[in-house]
Amino acid sequence: MTDPTAKTSGFSHYSEWLEFDRKHLWHPYTSVNNALPCYAFDSADGCIIHLASGEHLVDGMSSWWCAIHGYNHPRLNEATIEQVQRNAHIMFGGLTHEPAVELSQRLLSMGPSNLDAVFLADSGSVSVEVAIKMAAQYFQAKGKPGKHRLLALRNGYHGDTAGAMAVCDPVTGMHSLFAKLLPEHVFAPQPRCRFGDEWDPSDFSEMRRLLRQHHKELCAVILEPIVQGAGGIWFYHPQYLCELRAVCDELEILLIYDEIATGFGRTGKLFAWEWAQAAPDIMTVGKALTGGYMTLAATLATADVAETIGSSGPLMHGPTFMGNPLACAVANASLTLLSDNKWPQQVAAVSTQMQRGLRPFIQYKCVRDVRVLGAIGAVELDRDVDVAAAQKIFVANGAWIRPFGKLIYLMPPFIASNEQIATLCAAIEAYLRTID
Ligand code: PMP
């Protein structure tokens with residue numbers, strides 16, 4: 001009889017485990033019946049992804065906004081190894097440790113100066129759940145339990161857990177599929193006044209009207225500051241946040257910024273809210289927090305939020321892996337790398353090179369818009385991208401790029417060289433030529 005706990009792999013060639021994957025594993029947003037092709041990953045160094053098939057690809061995605069310093073980074077490796085040799089995990093209930101305290105101290109010193117308390121969460125979505133709970137508990141503690149709904153933006157994205165999904169765009173967030181599961185929140189139109197354009201005050205009118213109409217039932221507004229990520233890589237005017245801050249203050253509504261994608265330098269500021277200088281009451285961070293090494297996120301709140309909740313009882317959340325020391329240690333190492341302060345020049349260089357490489361694509365008939373902010377570049381087409389066909393061409397041209405909807409976008413590690421950005425842009429052009 002075979003031992004069911006024995007190592008079953010015994011794969012003699014990567015094509016065998018790739019085949020097992022195809023039959024048995026879900027990947028993000030895929031059907032097991034009709035999955036998009038997956039490429040077999042072997043390893044990654046710096047900005048280069050090595051496939052098991054032997055190809056070497058320039059990484060245009062930073063593993064979805066995370067690997068800002070590149071892969072297999074000696075200082076991040078060192079911090080991880082050092083911590084794992086000391087201790088990988090310990091419960092955070094009743095015990096605390098230096099990596100978590102140091103990380104919280106760093107986050108509070110980097111974030112808006114009005115934020116004072118930190119909740120360490122295990123993923124971006126969870127940090128959003130915690131932010132929503134904070135807002136609801138805050139008004140319960142104030143004796144205003146009627147203020148329990150949120151206002152969010154169309155085309156916004158905040159994660160895949162139920163609470164987070166309920167504040168994602170109602171269409172792309174699949175609210176109809178989970179209608180009975182999700183609370184009904186209020187949605188304002190996507191801001192249309194672009195980053196870099198002259199401010200158009202009418203862009204805020206509908207948001208103002210909705211806030212005035214619903215303020216008695218609203219505990220918070222949640223939005224991604226400046227850049228809507230998964231909802232369309234859309235960059236909007238900083239003045240929108242200034243207007244929003246003023247009306248939230250006037251109507252006693254908390255302001256939550258989801259900086260999970262935008263945080264840690266990606267937009268050209270350490271955090272995107274800095275473009276507006278209108279600070280939030282609650283802020284979530286994640287993704288690049290550990291430099292892409294491990295899952296970790298955090299929810300930061302003002303002393304008023306923390307103490308008001310505290311006055312009525314505990315904040316009701318406590319994940320098993322809260323404050324995981326290994327994740328905190330590598331996050332501290334990643335933030336130390338950021339504090340070397342090379343990132344502003346790196347992001348500016350990536351930005352300039354993407355402007356140069358992507359802007360000319362506006363000449364293609366199939367291209368509707370090209371936009372670049374910081375180390376984020378997007379080419380919007382007039383049609384949905386055929387992801388499988390496009391990726392085949394990207395891989396053949398030495399690039400790792402994962403489009404979605406009508407968007408082909410780049411967010412390479414900050415260390416990407418001019419030559420590497422040029423490779424990414426050339427791969428995109430190779431695909432555009434096949435469809436134009
Ligand atoms: N908020 C934003 C703005 C995001 O981009 C994401 C992830 N794409 C999340 C929340 C959810 O984070 P996670 O995938 O770590 O749960």
Side-chain angles (χ1 to χ4, degrees), residues 65 111-115 128 131-132 135 149-158 164 167-173 185-215 218-263 265-285 300 302 351 369 371-374 376-378 380 407 409:
W65 313 77
S113 60
N114 62 324
L115 300 185
V128 169
I132 293 171
R149 291 179 84 191
L150 283 104
L151 191 151
L153 290 183
R154 293 200 179 264
N155 292 71
Y157 178 79
H158 299 287
V167 287
C168 291
D169 180 88
V171 179
T172 55
H185 295 307
V186 183
F187 286 90
Q190 179 184 46
R192 292 308 302 171
C193 186
R194 300 173 74 126
F195 188 97
D197 280 1
E198 199 179 319
W199 170 240
D200 170 9
S202 72
D203 205 34
F204 191 72
S205 309
E206 184 57 9
M207 174 59 114
R208 182 181 283 109
R209 192 191 67 72
L210 288 166
L211 289 167
R212 295 219 161 116
Q213 182 186 345
H214 293 282
H215 71 95
L218 290 178
C219 60
V221 175
I222 182 165
L223 77 174
E224 298 149 277
I226 308 297
V227 178
Q228 289 192 301
I233 316 284
W234 178 249
F235 314 141
Y236 62 89
H237 201 291
Q239 186 61 27
Y240 191 94
L241 298 179
C242 301
E243 305 286 330
L244 184 58
R245 179 69 273 179
V247 184
C248 283
D249 284 344
E250 179 194 320
L251 299 174
E252 208 193 3
I253 299 167
L254 294 175
L255 183 53
I256 304 173
Y257 288 165
D258 177 344
E259 288 261 12
I260 290 166
T262 48
R266 180 59 66 179
T267 71
K269 298 276 187 195
L270 192 52
F271 294 102
W273 76 274
E274 294 169 25
W275 289 107
Q277 288 300 326
D281 302 292
I282 298 173
M283 181 166 120
T284 59
V285 297
L300 279 54
T302 61
S351 200
D369 191 35
R371 40 188 185 265
V372 176
L373 177 66
I376 314 166
E380 185 177 327
L407 287 161
Y409 67 104

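- Applying the salt bridge (Lys or Arg N to Asp or Glu O under 4.0 Å) rule to Glu206 yields the partners Arg209; only residues at least two apart in sequence or on another chain are considered.
- Using cut-offs of 30° and 60° for the angle between ring planes, the Tyr240 and Trp199 rings count as perpendicular.
- In this structure the side chain of Asp203 never reaches within 4.5 angstrom of the side chain of His237, judged on heavy atoms.
- Residues Leu373 and Arg371 are not in side-chain contact: their nearest non-hydrogen atoms beyond the backbone lie 4.5 Å or more apart.
- By the side chain to side chain contact (heavy atoms under 4.5 Å, CB included) test, Ala279 is found to be paired with Pro112, Asn114, Trp273, residues two or more places apart in sequence or in another chain being considered.
- Interatomic distance, Asn155 CG to Tyr157 OH, rounded to the nearest 0.5 Å: 14.0 Å.
- Annotation: side-chain hydrogen bond (donor to acceptor under 3.5 Å, both in side chains) contacts of Arg208 (sequence neighbours excluded): Glu243.
- If you take CG on Leu254 and CD1 on Ile132, they are separated by 12.5 Å, rounding to the nearest 0.5 Å.
- You'll find the side chain of Val221 reaches within 4.5 Å of the side chain of Met207, heavy atoms only.
- Looking at residues two or more places apart in sequence or on another chain, you find a ring pair (Phe, Tyr, Trp, His ring centres under 6.0 Å) between Phe271 and Phe264.
- Gly156 and Glu224 get closest at one heavy-atom pair: CA-OE1, 3.3 Å.
- Here the straight-line distance linking atom CZ of Phe187 with atom CG of Leu153 works out to 9.0 Å at 0.5 Å rounding.
- Applying the side-chain hydrogen bond (donor to acceptor under 3.5 Å, both in side chains) criterion to Thr172, with sequence neighbours excluded, gives Asp169.
- In terms of heavy atoms, Ser351 sits closest to Val372 at OG-CG1, 3.7 Å.
- Smallest separation of non-hydrogen atoms from Ala135 and Ile282: N-CD1, 4.2 Å.
- Between the side chain of His185 and the backbone N or O of Val167, no donor-acceptor pair lies under 3.5 Å.
- The two atoms that bring Val227 and Trp65 nearest to each other are CG1-CH2, 4.3 Å, heavy atoms only.
- Pro238 meets the side chain to side chain contact (heavy atoms under 4.5 Å, CB included) test with Phe195, Ile226, Trp275, Ala276; sequence neighbours excluded.
- Residues that satisfy the side-chain hydrogen bond (donor to acceptor under 3.5 Å, both in side chains) test with His214, not counting sequence neighbours, are Glu217.
- Rounded to the nearest 0.5 angstrom, Ile256 CD1 and Leu151 CG are separated by 11.0 Å.
- Taking Tyr409 as the reference, Phe404 meet the ring pair (Phe, Tyr, Trp, His ring centres under 6.0 Å) condition, with sequence neighbours excluded.
- Applying the side chain to side chain contact (heavy atoms under 4.5 Å, CB included) rule to Glu250 yields the partners Arg212; only residues at least two apart in sequence or on another chain are considered.
- The line from CD1 of Ile376 to OG1 of Thr262 is 8.0 Å long, rounded to the nearest 0.5 Å.
- With values rounded to the nearest 0.5 angstrom, Asp249 atom CG is found 8.5 Å from Leu255 atom CG.
- Take Ile260 and apply the side chain to side chain contact (heavy atoms under 4.5 Å, CB included) test, not counting sequence neighbours, and it matches Ser127, Val128, Asp258, Thr284, Lys287.
- Considering Pro225, Pro191, Pro280 in turn, Pro225 is the only one that fulfils the side-chain contact (heavy atoms from CB on, under 4.5 Å) rule with Leu241.
- Listed by first and then second residue, the salt bridge (charged side-chain N to carboxylate O under 4.0 Å, His left out) pairs that reach into residues 186-202 are Arg194-Asp369, sequence neighbours excluded.
- Counting only residues at least two apart or in different chains, salt bridge (charged side-chain N to carboxylate O under 4.0 Å, His left out) contacts with residues 270-284 comprise Arg245-Asp281.
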